[in-house]
A.B. asks: 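Questions regarding the structure given below will be posed in turn.
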Amino acid sequence: MTIRRILLMAFLLVSLAPAALLTVLAFYSTRATMLEEIEQGVRRSAASVSSDVDKIMFERLLNATTWNHLEVMQDLRLGDVDKRLSGFLSEIKLRYGGVYRELHAVDMAGKIVASSSALRIGQQLPPGKPWLRAHLPGDSVHLQSPAAGPAASRSVAIRSDILSQFGEGQIGELVLEVDWAQVEHVLDLAATPTRQILVLDHEGRVAAASAGLRARSVLQGRDASSWLPLRPGAGVETRDGRPLLDDAAIMGYDRSRGFERFPGFGWTYLLLQSRAEALAPVQHMAWIFAGLMAAIAGIVILVSLWVAGAIARPVIALTEFTRRYLGPGEPPPIPRAGLGELGELNRSFMQMVEDLQQSQKTLSQASKLAALGEITALLAHEVRTPLGILRSSAQMLRTEPLSAEGRELQQIIESETERLNRLVTSLLDSTRTRPPHPAPTNLHALISHAATLLAAQARDCGIALKLDLRAGDPMLDCDAEQITQVLLNLIMNAIQILPAGRHIVIGATDTPDQLLLSVDDDGPGVAEEDRHRIFEPFVFKREGGIGLGLAVVRQIVRSHGGDISAEKSTLGGACFRVWLPR
């Protein structure tokens with residue numbers, strides 16, 4: 001299994017599992033909160049309807065117990081001969097605008113003596129079926145069951161005793177025919193297509209119902225005791241809503257508490273909410289959470305793929321680089337470093353590879369120089385002796401009478417042997433290396449000294465030497481003789497390659513940790529492809545060179561713990577920079 005797959009599985013396990021768990025917990029927590037809020041809302045609606053209906057009934061009962069004590073009611077004793085009581089009842093009916101269908105004053109024989117409807121005067125009013133009795137402070141009234149029939153004609157009769165103010169006892173009854181649609185209208189306002197309201201009396205029979213239930217023939221007087229809640233007071237239950245509803249119902253219930261001085265009839269108010277409709281927001285929320293979980297999963301997968309790839313890619317690249325590096329052929333390109341610890345690993349590994357390559361090059365160059373030293377020593381021994389003999393012989397020929405052509409040949413022999421001798425000397429000087437002997441040295445003084453040594457030669461070649469010494473602290477522990485050799489080699493190379501009229505600038509700057517020497521010129525420069533190999537032995541561009549000067553320079557600089565590079569000069573030519581640690 002690859003590292004990328006392992007990382008991907010680990011990220012998915014670490015990220016998705018907690019995300020899924022948190023999403024599920026959040027859903028169920030929110031679901032429970034929403035269900036509780038729905039149930040509380042249903043219960044509060046039932047209590048609100050209960051309060052509104054009790055308030056309406058209290059107002060009607062209060063009217064009955066107030067009007068039956070009015071002085072005008074005493075006209076019932078006289079048969080309402082002056083029609084004053086009927087006028088009063090008519091005026092009340094008009095004032096209440098449809099709340100009362102009719103108002104009657106009935107004598108003890110059940111005959112309507114006064115009425116808000118003149119056509120009803122003199123008719124007999126049947127006692128009706130007793131339904132409820134209400135007790136108010138100082139008086140009591142009873143209600144008859146709502147009259148059967150269409151909703152537009154249903155009414156509830158409230159009967160209140162009319163007592164004689166002259167001590168004759170009861171003289172009749174005040175009958176208020178209350179429009180029962182007023183009560184049902186309160187229920188209809190609170191109902192919706194998926195929410196219905198049912199009012200049960202103390203016997204568990206239907207006292208009133210909202211329009212949706214009335215359309216299902218749930219009418220007043222129907223036995224509905226099976227719908228009475230299991231617990232008294234107020235609360236919420238869940239039960240099968242059929243046949244009142246089409247599915248399960250959340251039933252909020254509230255027991256009548258009365259209003260002010262009215263203790264109530266003990267009615268039970270049921271608010272039946274379709275459970276499917278009530279839970280629709282929860283289902284919608286479930287889809288939202290599912291979508292959210294899918295989105296989180298998608299994001300986690302994408303991020304995990306990216307992170308796993310970002311972590312694995314440098315490791316894979318480093319592995320591939322190592323595999324190809326150890327194989328035959330050209331070295332592979334260096335992989336790109338990543339970030340953090342992986343980037344540091346990549347950089348450290350690449351630094352190790354570069355150090356290994358540098359060590360191999362240094363070892364190769366040292367081997368070449370060592371071999372060259374041995375060969376040079378052998379040549380010096382084997383070549384100088386015959387060269388000395390040839391030179392001595394040529395010098396002795398000067399004393400002999402020679403023709404003009406012979407003297408010319410003698411001079412050629414002497415000059416060429418001298419040149420060969422200088423070449424051997426140069427080879428010996430180039431390959432003769434020793435460990436540096438560092439001592440505190442003023443680098444500015446070394447540069448000035450080297451420039452002075454080569455000033456005449458530069459002047460003869462038409463080259464201008466300039467110094468740019470800007471090191472704040474030019475003191476350095478180094479081998480002054482070897483550093484002078486470095487400077488002389490670099491300056492001499494520039495003098496030999498530059499045409500007349502050009503410039504050489506020798507500079508020095510520093511940092512707290514190292515000193516930087518630079519030799520800049522405005523000559524032809526060094527081609528970019530040659531800037532690294534120019535320090536290798538036997539690599540040269542100048543005619544007559546042997547390619548050892550810069551190799552020896554780099555060996556000296558590195559023996560001091562520094563390094564050297566060839567770059568493009570700001571003057572347009574070549575720039576050799578030497579870094580030397582303090």
Side-chain angles (χ1 to χ4, degrees), residues 50-80 84-117 120-121 125-147 154-184 186 199 201-202 207-208 255-267:
S50 170
S51 176
D52 291 343
V53 173
D54 283 351
K55 180 180 179 181
I56 291 174
M57 296 306 300
F58 170 71
E59 290 175 352
R60 304 291 85 79
L61 296 175
L62 184 63
N63 288 342
T65 56
T66 300
W67 295 338
N68 68 350
H69 290 89
L70 295 178
E71 181 184 355
V72 70
M73 293 298 169
Q74 299 301 312
D75 287 1
L76 183 63
R77 297 173 56 256
L78 306 175
D80 192 26
R84 188 166 70 111
L85 180 54
S86 294
F88 172 74
L89 297 177
S90 298
E91 182 181 352
I92 290 176
K93 177 183 176 181
L94 291 175
R95 185 187 304 168
Y96 278 84
V99 172
Y100 299 104
R101 292 185 181 275
E102 301 292 349
L103 296 93
H104 311 293
V106 183
D107 62 15
M108 296 301 296
K111 177 182 177 182
I112 297 176
V113 177
S115 175
S116 59
S117 174
R120 299 289 299 277
I121 296 175
L125 185 68
K129 181 181 178 181
W131 181 29
L132 300 168
R133 177 170 292 277
H135 298 278
L136 274 73
D139 211 338
S140 65
V141 296
H142 66 271
L143 281 71
Q144 293 178 341
S145 299
R154 284 200 303 275
S155 62
V156 172
I158 300 177
R159 291 177 174 265
S160 176
D161 296 340
I162 301 175
L163 301 178
S164 172
Q165 295 181 356
F166 302 99
E168 299 174 2
Q170 181 178 354
I171 59 176
E173 286 183 315
L174 174 63
V175 181
L176 310 179
E177 293 184 6
V178 179
D179 185 1
W180 198 239
Q182 296 281 332
V183 174
E184 292 175 340
V186 174
V199 183
D201 64 12
H202 59 288
R255 183 64 61 87
S256 172
R257 299 181 179 84
F259 188 82
E260 294 186 0
R261 294 173 292 171
F262 171 50
F265 294 120
W267 289 351

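These numbers come from a predicted model, not from an experiment. Position 1 is the first residue of the sequence, and the numbers go up from there.
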A.B. asks: Measuring only between side-chain heavy atoms, which start at C-beta, is Val178 closer than 4.5 Å to Tyr100?
C.D. replies: yes
A.B. asks: Quick one: does Gln165's side chain have a donor or acceptor within less than 3.5 Å of a partner on Gln74's backbone?
C.D. replies: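 No; zero donor-acceptor contacts below 3.5 Å.
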A.B. asks: Can you tell me how far CZ of Phe88 sits from CG of Asp75, rounded to the nearest 0.5 angstrom?
C.D. replies: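 Here the rounded value is 11.0 Å.
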A.B. asks: Quick one: list whatever passes side-chain hydrogen bond (donor to acceptor under 3.5 Å, both in side chains) with Asn68, sequence neighbours left out.
C.D. replies: Asp139, Ser160
A.B. asks: Show the nearest heavy-atom pair for residues Arg60 and Ile158, with the distance to one decimal.
C.D. replies: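 Closest heavy-atom pair between Arg60 and Ile158: CB-CD1, 3.7 Å.
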A.B. asks: Would a 4.5 Å heavy-atom cut-off, applied to side chains only, mark Leu125 and Arg159 as touching?
C.D. replies: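 Leu125 reaches Arg159 side chain to side chain.
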A.B. asks: Say whether, by atom type as modelled, one donor and one acceptor occur between the side chain of Ser116 and the main chain of Ser90 under 3.5 angstrom.
C.D. replies: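 Not confirmed, Ser116 side chain does not pair with Ser90 backbone.
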A.B. asks: If I take atom CD1 from residue Ile112 and atom CD1 from residue Ile121, how far apart are they, to the nearest 0.5 angstrom?
C.D. replies: 8.5 Å
A.B. asks: How about His142 and Glu173: do any of their side-chain heavy atoms sit closer than 4.5 Å?
C.D. replies: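 Counting from C-beta outward, His142 and Glu173 do come under 4.5 Å.
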A.B. asks: Is the side chain of Glu91 donor-acceptor paired with the backbone N or O of Ser86 at a distance under 3.5 Å, no angle test?
C.D. replies: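 Such a contact is absent between Glu91 side chain and Ser86 backbone.
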A.B. asks: Can you measure from CD (Gln170) to CG (Leu76) and round to the nearest 0.5 angstrom?
C.D. replies: 10.0 Å
A.B. asks: Would you call Trp180 and Val183 a side-chain contact if the rule is heavy atoms closer than 4.5 Å?
C.D. replies: yes
A.B. asks: Would you mind reporting whether Leu174 and Val141 have side-chain heavy atoms less than 4.5 Å apart?
C.D. replies: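 Of all side-chain heavy-atom pairs linking Leu174 with Val141, none is under 4.5 Å.
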A.B. asks: Applying the side-chain hydrogen bond (donor to acceptor under 3.5 Å, both in side chains) criterion to Glu177, which one of His104, Arg101, Lys93 satisfies it?
C.D. replies: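 Running side-chain hydrogen bond (donor to acceptor under 3.5 Å, both in side chains) over His104, Arg101, Lys93 with Glu177 returns exactly one hit, His104.
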A.B. asks: What distance separates Arg77 CZ from Ile162 CD1, expressed to the nearest 0.5 Å?
C.D. replies: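 Reported value, rounded in 0.5 Å steps: 12.5 Å.
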A.B. asks: Kindly write out the residues that satisfy side-chain hydrogen bond (donor to acceptor under 3.5 Å, both in side chains) with Glu71, not counting sequence neighbours, or none if the list is empty.
C.D. replies: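 If we apply the side-chain hydrogen bond (donor to acceptor under 3.5 Å, both in side chains) test to Glu71, skipping adjacent residues, there are no hits.
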A.B. asks: List for me each residue that meets ring-ring contact (aromatic ring centres under 6.0 Å, His included) alongside Trp131, sequence neighbours excluded, and say none if there are none.
C.D. replies: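 For Trp131, the residues satisfying ring-ring contact (aromatic ring centres under 6.0 Å, His included) (neighbours in sequence not counted) are Trp267.
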A.B. asks: First locate atom NZ of Lys55, then atom CG of Asp52, and finally report the distance between them rounded to the nearest 0.5 Å.
C.D. replies: 7.5 Å
A.B. asks: List the atom of Ser50, the atom of Ser256, and the distance in Å for their closest heavy-atom pair.
C.D. replies: OG-CA, 3.8 Å
A.B. asks: Given side chains that start at C-beta, do those of Leu103 and Trp67 come closer than 4.5 Å, heavy atoms only?
C.D. replies: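 Side-chain contact under 4.5 Å: yes.
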A.B. asks: Going from CG on Asp107 to CD1 on Ile171, what distance comes out if it is rounded to the nearest 0.5 angstrom?
C.D. replies: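 Rounded to the nearest 0.5 Å, the CG-CD1 separation comes out at 10.0 Å.
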A.B. asks: With heavy-atom distances below 4.5 Å as the criterion, would you say the side chains of Leu85 and Val113 are in contact?
C.D. replies: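 Contact flag for Leu85/Val113 side chains = no.
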A.B. asks: So, Asp80 side chain and Arg84 main chain: donor-acceptor pair closer than 3.5 Å or not?
C.D. replies: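 Side chain of Asp80 to backbone of Arg84: a pair is present.
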A.B. asks: Between Glu102 and Leu89, is any pair of side-chain heavy atoms under 4.5 Å apart?
C.D. replies: no
A.B. asks: Determine yes or no for a side-chain-to-main-chain donor-acceptor pair under 3.5 angstrom, with Thr66 supplying the side chain and Asn63 the backbone.
C.D. replies: no
